[in-house]
Structures are given as structure tokens and as C-alpha cells.
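A quick write-up on the structure given underneath.
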Amino acid sequence: MSATAGQMGPGPALRGDGRLRRRRLVNRLMEISASIAALVAVAVLAIVIISVASKGISSISIEFLTKNAPLFGQSGGGIANAIVGTLILVALATVMAVPVGILIGIYTSEFAGARLASLVRFVLDILNGVPTIVTGIFVFGLLVAGKAQSGWAGAFALAVIMLPIVARSAHEVLALVPKAMKESALALGVTRWKMVLRIVLPTAAGGIITGALLGVARVAGETAPLLFTSSIFANEVSTKPGGALASIPVKIFSLTEEPSPSAHSQAWGAALLLIFFILLLNVLARAIYARSSRRTTRAR
Amino acid sequence: MRRGLTDRIGDPTLRSLTTLASLAAVALLVLIVYKVFDQAGEAFSHFGLSFVWESEWNPVTKQFGAADFLYGTAVTTFAAILIAAPMSIAIALFLTELAPRQIRRPVGVLVELLAAIPSVVLGLWGIIVLSPVLLKTIEPALKSALGWIPLFSGEASPVGLLPAILILTIMAVPIISAVTREVFETVPGDLKEGALALGATRWEMVKMVVLPYSRTGIVGATILGLGRALGEAIAVTMVIGHTEHISANLFGPADTAASRIASEYLGATSSLQISSLAYLAAILLVLALVVNMIARLIVRRAHPKIPTTPGILR
């Protein structure tokens with residue numbers, strides 16, 4: 001659609017100028033409202049990021065990144081335990097969710113019949129729609145109730161959220177691998193599993209990694225699933241998932257509930273760190289995908 | 001040609017591994033439903049279905065009913081969608097019909113990034129930046145203009161329904177606009193060009209061709225956004241203020257099912273209270289499952305190619 005199509009209008013007016021002017025006016029108003037809507041959405045993103053950056057930057061220091069919370073009544077300190085905890089929780093969740101997700105993606109795009117594949121994809125979509133707070137209750141009942149909170153439980157809850165994202169992304173990119181490539185491999189006598197491992201997966205690797213990174217970015221910021229599974233943690237760096245691990249989102253949540261201004265400025269510092277990490281992952285994921293999608297002819 | 005041993009076991013192995021993984025995903029969904037309902041069992045046998053319409057919530061007398069929270073969930077969700085749906089449609093129109101080609105991608109990516117902001121960060125921003133602005137400017141303005149409607153006549157307060165609604169709007173917009181945009185992109189170019197050739201303005205073309213063609217998809221996308229807003233707990237719990245009483249006041253504190261679970265589960269004192277919160281979670285789960293199924297079936301029927309898992313790459 002050419003960008004000037006709207007301004008051309010219907011040429012010489014047949015029914016008088018008033019009606020035509022009104023139609024053009026309505027058109028103009030609608031164009032302006034649509035532009036404003038897009039502008040507002042982008043502005044909200046900018047405002048949130050700028051607020052977090054401007055309020056959080058002053059808290060970021062070596063001490064903030066390497067120390068734990070101060071003793072009661074003292075100022076300073078940091079969120080080292082939350083940073084380490086988030087890294088471990090997200091890494092464990094990734095190890096649990098990514099391999100299974102890729103296997104599901106291979107099943108729905110290579111092995112399953114059309115109906116079965118569509119059913120599995122539907123289940124994944126529904127799984128993606130489960131509220132994360134409910135995921136938290138589920139994992140609490142499964143792994144925590146009667147025992148204690150643990151990093152394992154928290155990581156499992158994150159993995160449940162990550163799985164459909166990884167699997168659905170994997171399916172979408174695997175489905176983009178040109179049929180001709182697969183068929184020529186099979187025609188040369190390559191077995192199906194070798195075709196999948198040597199031709200299909202390498203071709204789609206960039207997209208699969210992108211999907212995994214988007215999954216990581218998504219769960220790194222999750223609070224709700226950790227609230228019941230890994231939120232009662234000690235004020236010290238722990239690397240043992242056998243006990244509850246701290247995390248940046250839960251730390252922000254609890255700092256916000258404290259009344260002191262210094263807790264709030266720490267919350268902003270933690271929010272800045274989190275948002276930086278997550279936006280970086282998103283940008284990285286998109287860059288990888290843009291690079292790799294040259295290998296597969298995209299459907300669109 | 002003789003095949004090696006690895007080739008003979010390779011195929012069935014990969015096939016069964018992938019099948020097993022897919023079965024695990026299905027089993028996971030079943031297990032989620034079972035475990036959540038299992039935990040709600042005690043409250044269900046205690047209160048039965050009346051839990052849904054009883055509004056007394058008192059941990060001391062151990063009387064629990066969900067009505068007020070479900071009301072809060074309904075009000076915040078619908079109000080958020082009321083704002084988010086037209087806005088998202090406008091954004092999608094801007095991105096598909098209006099914007100110059102060079103800015104479509106960057107603007108589209110920025111709108112999608114809105115969904116990447118963690119809810120706890122959005123909640124923090126909501127309570128410290130957004131709420132004071134609402135309290136000082138928007139709420140008094142709404143009150144003086146629309147104060148004759150009970151909804152807008154209440155006492156202004158820094159926490160409550162209004163900030164929660166706006167935060168949920170911010171969360172729903174990227175989802176609805178992403179799917180709507182994909183739907184708009186499926187409208188055949190000849191139809192649009194035909195309308196323009198007949199002398200329609202761009203808006204008339206959108207009204208007569210793009211919107212009717214995409215109606216089903218838009219409805220599906222909107223319901224998808226509704227599903228997102230319905231289950232949000234953390235950001236809402238940070239800005240909504242918590243109360244056990246229904247009020248029609250848009251400015252005052254309220255509570256939603258998800259936010260009540262988030263705020264009360266850890267501090268719960270009796271097993272009946274924990275089970276009642278799980279009952280809330282079970283209601284939420286059923287709502288989310290139904291809403292998501294409907295949304296995805298609608299989108300899938302009209303546009304089989306459009307993936308309905310927001311946040312995955314497209």
C-alpha cells in the first residue's frame with residue numbers, strides 16, 4: 001500500500017464539497033488517533049524505562065552488586081544473594097525446560113500427524129495461558145507442601161512457564177525449514193533421525209536459541225511462581241538449590257513492601273538491573289534470529 | 001543397502017523421545033489441574049459452591065467467600081480490556097496500514113517489548129510513579145467531570161482499582177496488538193486496493209474491508225488479552241490496596257482473586273484458609289483455561305497460521 005494512497009481521495013467530488021471534506025476529515029482524524037495510540041504505547045515503554053533508570057542508577061554500586069542486605073538499622077548493603085539466586089534458578093529452569101521443549105517442537109513439526117500435532121500445540125498454548133500465580137500454587141502443592149521451600153521447586157515452577165514458550169518457538173522455526181531440504185536428505189537415503197539432527201536442527205538453530213532466550217527473559221522477571229516456592233531465604237549468598245534461593249523479582253517485591261525510603265531505592269536499583277538484563281536478552285534474541293533467518297526462507 | 005545399528009535404533013529412539021516429551025506436556029496440564037483442585041478440596045467440602053457468591057472473608061472466624069475478589073477481577077479485567085482493545089486495534093492499524101515502512105518494524109518491536117517488562121517492575125512503577133500522578137491529576141479531573149456516576153464519585157486514594165486497571169491495560173496491549181496485527185496482515189491486498197480504487201479514503205477502506213475481514217481474529221485476540229489480565233497477580237497486588245469489601249468506587253482500594261492469593265498465601269494461618277486460597281486459584285485456573293481455549297479456538301479457526309502464544313518469536 002503506498003503511503004500516499006489516503007491523501008489522494010476520490011478525485012473530483014461528484015456530490016459536492018461538503019461531503020467529501022467530511023470524509024477526508026474523518027479519515028484524517030482516524031489516522032491521527034491510530035498514530036497517537038502507537039505513540040502512547042511507545043511512550044509508556046519509554047517512561048517506565050526512564051523512571052527505572054533514573055531512580056535506580058544511583059543505587060547501583062560495587063557494594064550493591066556484591067553485598068547482602070544490611071543488618072537492621074544500617075544503611076548500604078546490596079542484593080548479591082538475589083543476583084546469584086536468580087542466575088541459579090533461571091539456569092536450572094533452562095536446563096529443565098529447553099531440552100524437553102525442543103523435543104516437543106521436533107515431535108509437532110516432524111513426527112506427529114497433523115491432528116496430533118495440532119492437539120499438542122493447543123495444549124502448549126493453554127499451558128501458556130495458566131496464570132503464573134496458579135503455577136505457584138501448583139508447584140507448592142506438588143513439591144513444597146509438607147516439606148520446605150527450595151530452589152528446585154522454584155526452578156521447576158519457572159520451567160513450567162518456560163516450556164510452552166520454548167516448545168512453541170521451536171515448532172514455528174522448525175516448520176520453516178524448507179521441505180525441499182528435508183526431502184532431498186531423505187531421498188539420498190538419510191534416516192529420519194539423522195535428517196532431523198544433521199539438517200533440520202542446524203538450519204533452525206538460530207530460531208531455537210532465540211526461543212530459548214525469550215523463555216529465559218520471560219522467567220527471569222517472574223515473581224508469582226517463586227512466591228510460594230522459593231521466597232523465604234536467608235540473607236546470605238547461597239548456591240544450594242536444596243534450600244530456598246533468593247531472586248531479584250522476589251527481592252524487589254519484598255523491598256517495596258518495606259516503608260523505608262532506602263528500601264525503595266534498593267528496589268529501584270534491583271529493578272534497573274532486572275530490566276537491563278531482560279531487555280538485553282530480548283535484543284540479543286532478536287539479533288540472533290535476524291541473522292539466522294537468512295538461512296531459512298521465511299514464510300512471509 | 002545395509003543400515004548400521006545406530007540407524008536402526010536411531011529412528012524409533014528419537015520418535016519415542018519426542019513423543020514422550022509431548023505426552024509429558026499434556027500430563028503436566030492435567031497434573032496442574034489435579035494438584036490445584038486437590039489443594040482446594042478442604043475448602044470445597046466446607047463451603048461448596050456457595051464460596052463463589054459468599055463475600056465474607058474472615059480468617060479469624062474462618063469464614064471464606066470469594067465474591068468480592070471475583071468482582072474485583074471482573075471489574076479490573078473488563079475495564080482494562082475496554083481501554084486496551086480499541087487502543088491495540090489502533091496500534092495494529094497504524095503498524096499495518098499507516099506507518100512508513102522503515103518505522104513499522106522498530107515501533108512493532110517496541111510495542112512487543114512492553115510485554116517484556118516484568119510485572120514486579122511494572123507494579124513498582126505503578127505504586128511509586130503512576131499512583132501519585134493519578135491521585136493528584138486524573139482522579140480529581142474524572143471526579144469533577146463524571147462525579148454524578150457512582151463509579152467516579154468515591155474518595156480519591158493512592159491505591160485502588162484505577163491504577164490496577166491501567167497496569168493491566170499496559171500488559172494486555174502488546175498481546176492484543178501483536179495478534180491483531182498478524183490478522184490484519186492476512187487481509188488480501190486486492191480487496192484493499194479495490195476499495196481504494198473505488199474512491200474510498202484510507203479509513204473507509206479499513207472500515208469496509210480490513211475490519212470486517214478481521215472481525216473474528218480481533219475478537220480472539222481481545223479474549224487472549226483478557227486471559228492475560230485475568231491472572232495477573234503481582235503487579236495488581238502492589239497497586240490495588242487490599243480490602244474485603246466490594247465498593248463501586250473506582251478510586252478506592254479493592255482486591256482481585258489473583259492478588260489476594262499473592263498477598264495472603266504465605267501468611268495464612270489455618271489449613272482452611274490455605275485451602276480457600278487454593279479454591280480461589282482453582283476458580284482462576286478454570287476461568288483462564290476456558291478463556292484461553294475460546295480465544296485460541298477462535299483465532300485458530302479464522303487464521304490457522306497465526307501462533308497464539310504471545311511472547312514467542314514470529
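Proteins get letters first, then strands, A, B, ... in listed order; numbering begins at 1 in each. Computed from a predicted structure; not experimentally measured.
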Pairwise side-chain contact, A:Val130 with B:Leu29, heavy-atom cut-off 4.5 Å (strictly under): yes
Validation row: B:Thr19, A:Phe111 side chains within 4.5 angstrom (heavy atoms): no
Under 3.5 Å side-chain donor-acceptor pair for A:Arg28 and B:Thr201: no
Option in B:Leu23, B:Ile127, B:Leu230, B:Leu285 with maximal non-hydrogen atom pairs under 4.5 Å from chain A: B:Leu285
Spacing of CZ belonging to B:Arg15 relative to CZ belonging to A:Arg192, to within rounding of 0.5 Å: 6.5 Å
Parallel, tilted or perpendicular, as decided by the 30° and 60° cut-offs, for the rings of B:Tyr265 and A:Phe228: tilted
Engaged part of A:Ile137 at the chain B interface, taking heavy atoms whose separation is under 4.5 Å: both
Pair A:Phe138-B:Asp38, side chain to side chain contact (heavy atoms under 4.5 Å, CB included): steps then yes or no: CA-CA 10 Å; A:Phe138 156 64; B:Asp38 183 42; over 6 Å; no
Approximate separation, where rounding is to 0.5 Å, of A:Leu279 CG and B:Ile117 CD1: 7.0 Å
When A:Thr132, A:Ile252, A:Ile104, A:Val283 are compared by non-hydrogen pairs under 4.5 Å with chain B, the top option: A:Ile104
Student check: side-chain heavy atoms of B:Asn292 and A:Asn128 closer than 4.5 Å: no
Validation row: A:Ile47, B:Trp125 side chains within 4.5 angstrom (heavy atoms): yes
Residues, nucleotides or ligands: over 12 heavy atoms within 6.0 Å of A:Phe122 CZ: yes
Under 4.5 Å from any heavy atom of chain B - which part of A:Ser231: side chain
